[in-house]
Amino acid sequence: MTSGRGACRWAVLGLGVLWWWAVARLALTPGAGVLEGAVAAGGWGLSVLPVHCAPKARAQGALAAGRWRHAWCPDGRHGGR
(Lines give C-alpha, C1' and ligand atoms only; values in the text may rest on other atoms or scores of the structure.)
Protein backbone atom coordinates (compact mmCIF):
# COMPACT_ATOMS: atom_id res chain seq x y z
CA MET A 1 0.00 0.00 0.00
CA THR A 2 1.42 3.37 -0.98
CA SER A 3 1.55 6.26 1.44
CA GLY A 4 -0.93 8.28 -0.63
CA ARG A 5 -3.51 5.53 -0.65
CA GLY A 6 -3.03 4.91 3.08
CA ALA A 7 -3.42 8.61 3.85
CA CYS A 8 -6.60 8.71 1.80
CA ARG A 9 -8.04 5.76 3.71
CA TRP A 10 -7.20 7.39 7.05
CA ALA A 11 -8.79 10.64 5.91
CA VAL A 12 -11.97 8.84 4.85
CA LEU A 13 -12.07 6.95 8.14
CA GLY A 14 -11.59 10.16 10.10
CA LEU A 15 -14.31 11.99 8.20
CA GLY A 16 -16.66 9.03 8.71
CA VAL A 17 -16.02 9.08 12.45
CA LEU A 18 -16.61 12.84 12.50
CA TRP A 19 -19.91 12.41 10.65
CA TRP A 20 -21.12 9.67 12.99
CA TRP A 21 -20.13 11.79 15.99
CA ALA A 22 -22.25 14.67 14.65
CA VAL A 23 -25.25 12.44 13.94
CA ALA A 24 -25.05 10.75 17.36
CA ARG A 25 -24.72 14.13 19.08
CA LEU A 26 -27.76 15.47 17.19
CA ALA A 27 -29.80 12.42 18.13
CA LEU A 28 -28.73 12.05 21.75
CA THR A 29 -27.80 15.50 23.06
CA PRO A 30 -30.44 18.15 23.61
CA GLY A 31 -27.85 20.92 23.34
CA ALA A 32 -26.48 19.96 19.92
CA GLY A 33 -26.08 22.95 17.70
CA VAL A 34 -25.40 24.28 14.26
CA LEU A 35 -21.94 22.73 13.95
CA GLU A 36 -23.24 19.19 14.36
CA GLY A 37 -26.12 19.87 11.98
CA ALA A 38 -23.78 21.27 9.34
CA VAL A 39 -21.42 18.30 9.58
CA ALA A 40 -24.30 15.81 9.41
CA ALA A 41 -26.02 17.56 6.49
CA GLY A 42 -22.74 17.99 4.61
CA GLY A 43 -21.84 14.33 5.00
CA TRP A 44 -25.27 13.24 3.85
CA GLY A 45 -25.07 15.60 0.87
CA LEU A 46 -21.74 14.12 -0.15
CA SER A 47 -23.17 10.61 0.08
CA VAL A 48 -25.82 11.34 -2.55
CA LEU A 49 -23.41 12.82 -5.11
CA PRO A 50 -23.14 10.71 -8.25
CA VAL A 51 -19.39 10.21 -7.98
CA HIS A 52 -19.34 7.11 -10.16
CA CYS A 53 -20.81 8.73 -13.27
CA ALA A 54 -19.24 8.30 -16.68
CA PRO A 55 -20.19 9.61 -20.12
CA LYS A 56 -22.71 7.29 -21.75
CA ALA A 57 -20.40 6.63 -24.70
CA ARG A 58 -17.68 5.31 -22.35
CA ALA A 59 -19.89 3.54 -19.79
CA GLN A 60 -19.62 -0.23 -19.75
CA GLY A 61 -22.94 -1.82 -20.67
CA ALA A 62 -24.60 1.46 -21.69
CA LEU A 63 -27.64 1.11 -23.93
CA ALA A 64 -28.01 2.95 -27.19
CA ALA A 65 -30.29 5.97 -27.44
CA GLY A 66 -33.77 5.07 -28.71
CA ARG A 67 -33.59 1.48 -27.49
CA TRP A 68 -37.13 1.48 -26.11
CA ARG A 69 -38.55 3.19 -29.19
CA HIS A 70 -37.11 0.44 -31.40
CA ALA A 71 -38.33 -2.27 -29.02
CA TRP A 72 -41.95 -1.01 -29.18
CA CYS A 73 -41.97 -0.18 -32.90
CA PRO A 74 -39.51 -2.51 -34.66
CA ASP A 75 -40.82 -1.68 -38.14
CA GLY A 76 -39.69 1.97 -37.86
CA ARG A 77 -43.05 3.67 -37.28
CA HIS A 78 -42.84 5.80 -34.13
CA GLY A 79 -46.34 7.19 -33.73
CA GLY A 80 -45.91 10.06 -36.17
CA ARG A 81 -42.65 11.32 -34.68
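In this chain, numbering begins with 1 at the start of the sequence shown. The analysis underlying the following values was restricted to heavy atoms, covering all of them including side chains, and did not include hydrogens, waters or symmetry mates.
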Chemist: So which heavy atom on Leu26 is nearest to which on Gly37, and how close?
Modeler: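 Minimum heavy-atom contact is CD1-CA, 3.8 Å.
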Chemist: Kindly write out the residues that satisfy side-chain contact (heavy atoms from CB on, under 4.5 Å) with Trp21, not counting sequence neighbours, or none if the list is empty.
Modeler: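 Testing Trp21 for side-chain contact (heavy atoms from CB on, under 4.5 Å), a comparison that skips the adjacent residues, returns Leu18, Arg25, Glu36.
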Chemist: Does anything in residues 11-20 pair up under salt bridge (Lys or Arg N to Asp or Glu O under 4.0 Å), and if so which pairs, sequence neighbours excluded?
Modeler: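 Passing the test, one end in residues 11-20: no pairs.
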Chemist: Of all the heavy-atom pairs spanning Ala40 and Ala22, show the shortest one and how long it is.
Modeler: N-CB, 4.1 Å
